[in-house]
**Q** 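One structure, as structure tokens, below. Some questions next.
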Amino acid sequence: MDHFTYKSGRLHAEDVALDAIAEAVGTPVYVYSSATLMRHFTVFNIALGDLDALVCFAVKANSNQAVIRTLAGLGAGADVVSGGELQRALKAGVPASKIVFSGVGKTEGEIRAALSAGIKQINVESVPELERISAIAEHMGVTAPVALRVNPDVDAGTHEKITTGRKENKFGIEWTDAHAVYRKAASLPGVKAQGLAVHIGSQLLDLKPFRDAYVRAGDLVAMLRADGLDVEVLDIGGGLGIPYGAEDETDAPTPQDYARVIRETVGNLGVQLVLEPGRMIAGNSGVLLTTVEYVKEGSTKTFAIVDAGMNDLIRPTLYSAYHHIVPVAEPAAGAPLTELDVVGPICETGDTFAKNRRMAPVRAGDLLVLRTAGAYGAVQASTYNTRALVPEVMVMGDAFAVVRPRQSVDDIIALDRLPHWLED
Ligand SMILES: *Cc1c(COP(=O)(O)O)cnc(C)c1O
């Protein structure tokens with residue numbers, strides 16, 4: 001459920017008409033609904049009920065300060081995957097004690113920053129990383145709390161670019177090596193081995209891979225304990241899929257269904273669970289608002305050329321992702337549909353948001369919304385074609401605020417420097 005609905009014939013974010021935002025801020029613009037963000041976090045948390053669980057929002061899905069702070073206010077922790085995200089989470093007010101740090105390539109500087117901040121846990125992805133963390137921590141005179149990210153070798157059955165839990169993926173320590181590596185971790189002077197982590201992929205619409213991975217993780221916990229090793233934390237990752245609205249889409253599991261799998265597989269292990277949902281919290285909380293610049297009638301197709309491009313929202317071209325596209329002006333009930341390709345202005349054939357999409361006819365100047373753009377949208381934007389990063393707006397009831405202003409082209413050009421031999 002989200003808070004983007006038609007009222008009096010215009011699409012609103014909560015109580016704010018999207019036309020009003022387009023008028024005030026221009027397009028393209030990302031619009032986030034605080035009520036939706038808070039609702040998703042709360043529903044997820046409530047589904048976990050009495051489990052000893054810490055929900056750490058995966059900041060890479062949407063790292064705007066306003067988004068992180070909104071969630072931090074509800075008690076969310078943060079899952080970060082870079083030193084930059086660590087800084088963002090701390091700055092937004094997430095306590096270090098609720099931050100976990102994942103990622104396959106943590107640099108020395110990033111590890112130092114995490115240890116200085118005193119975060120809850122570093123999820124370790126390889127033996128060399130484990131050794132590096134131990135050495136840095138010893139040098140700093142601290143003990144690094146670590147979990148081993150194990151690769152449970154299950155196929156998440158999702159898009160190949162977002163599946164992470166098969167042994168041919170780069171993530172985690174191979175399942176069969178995990179026991180030996182955990183024992184090694186327990187013996188290293190600079191680290192405290194406190195648990196395990198699994199994260200098998202993103203946009204999972206089937207609970208079976210979660211179940212398989214969690215059963216494996218539970219078995220491993222039992223094996224480690226039988227060997228006299230301490231396991232206090234089990235980080236079960238993120239990845240729960242959400243509806244994007246495609247006609248052929250499988251229904252997304254509810255947080256309640258997901259929580260049942262968690263209870264049945266790892267609910268009685270006597271560990272603290274850490275969860276790292278990103279998309280599930282932020283995805284349906286945001287839209288990308290765009291204006292139709294031209295309608296171009298080809299001999300076989302009609303193109304709606306919009307002012308947003310693949311640099312603003314790369315998911316369709318990167319993951320063949322579907323985004324539902326709706327007009328801000330509510331189409332009359334029963335109005336005839338037409339077939340459109342919705343494309344951006346960028347000089348790449350991949351700059352296509354939808355092909356042969358059946359939707360209400362559009363005219364130049366119309367406002368359209370690409371729905372479910374709150375996760376992996378603004379965070380993946382680039383300035384390709386020297387297109388400035390678009391603004392982000394957050395809505396709360398009948399109020400809205402610009403939470404990232406539109407970049408200017410001057411800002412972009414000012415990042416360049418001429419070598420001395422080209423200066424006037
Ligand atoms: C990306 C990522 C997540 C979040 O995935 P979602 O599909 O957005 O829930 C969680 N944990 C790790 C380690 C990740 O890399």
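We count residues from 1, following the sequence as given. Counting starts at 1 for both ligands and their atoms, following the listed order.
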**Q** In the protein, what heavy atom is nearest to atom 15 (O) of ligand 1, and what distance, to one decimal place, separates them?
**A** Lys60 NZ, 2.7 Å

**Q** State the atoms of ligand 1, each with its element, that fall below the 4.0 Å cut-off from a heavy-atom position in Ser102.
**A** 13 (C)

**Q** What atoms of ligand 1 come within less than 4.0 Å of a heavy atom belonging to Arg279?
**A** 6 (P), 8 (O), 9 (O)

**Q** To the nearest 0.5 angstrom, please state how far the CG atom of Leu204 sits from the CD1 atom of Ile242.
**A** 12.5 Å

**Q** Under the side chain to side chain donor-acceptor pair (under 3.5 Å) definition, can you give me all pairs with a residue in residues 343-353, not counting sequence neighbours?
**A** Glu348-Tyr384

**Q** Would you say Tyr376 touches ligand 1, if touching means a heavy atom closer than 4.0 Å?
**A** yes

**Q** For ligand 1, indicate whether the residue Asn123 contacts it via side chain, backbone, both or neither (heavy-atom separation under 4.0 Å).
**A** neither

**Q** Nearest non-hydrogen contact with atom 11 (N) of ligand 1 belongs to which option: Met280, Glu276, Gln203?
**A** Glu276

**Q** Test of understanding: with ring-ring contact (aromatic ring centres under 6.0 Å, His included), list the residues that count as partners of His12, not counting sequence neighbours.
**A** none

**Q** Judged by non-hydrogen atoms, does Gly237 sit under 4.0 Å from ligand 1?
**A** no

**Q** Run the numbers for me: atoms of ligand 1, each under 4.0 Å from some heavy atom of Arg149, listed by number.
**A** 13 (C)

**Q** Looking only at protein heavy atoms, identify the closest one to atom 7 (O) of ligand 1 and say how far it is in Å.
**A** Ser202 OG, 2.3 Å

**Q** At a 4.0 Å threshold, what atoms of ligand 1 neighbour a non-hydrogen atom of Gly278?
**A** 6 (P), 8 (O), 9 (O)

**Q** Could you establish whether Ala375 and ligand 1 come within less than 4.0 Å of each other, counting only heavy atoms on the residue side?
**A** no

**Q** What I want to find out is whether Asp15 reaches Lys7 closely enough, with some N-O distance under 4.0 Å, to be called a salt bridge.
**A** yes

**Q** Are Tyr244 and His323, when compared by the centres of their aromatic rings, separated by less than 6.0 Å?
**A** yes

**Q** Ring centres of Phe210 and Tyr258 under 6.0 Å apart?
**A** yes

**Q** Can you tell me how far CD1 of Ile99 sits from NZ of Lys120, rounded to the nearest 0.5 angstrom?
**A** 12.0 Å

**Q** Would you mind running through ligand 1 and noting each atom that sits below 4.0 Å from a heavy atom of Pro277?
**A** 9 (O)

**Q** Under a 4.5 Å cut-off applied to non-hydrogen side-chain atoms, are Ser102 and Val80 in contact?
**A** no

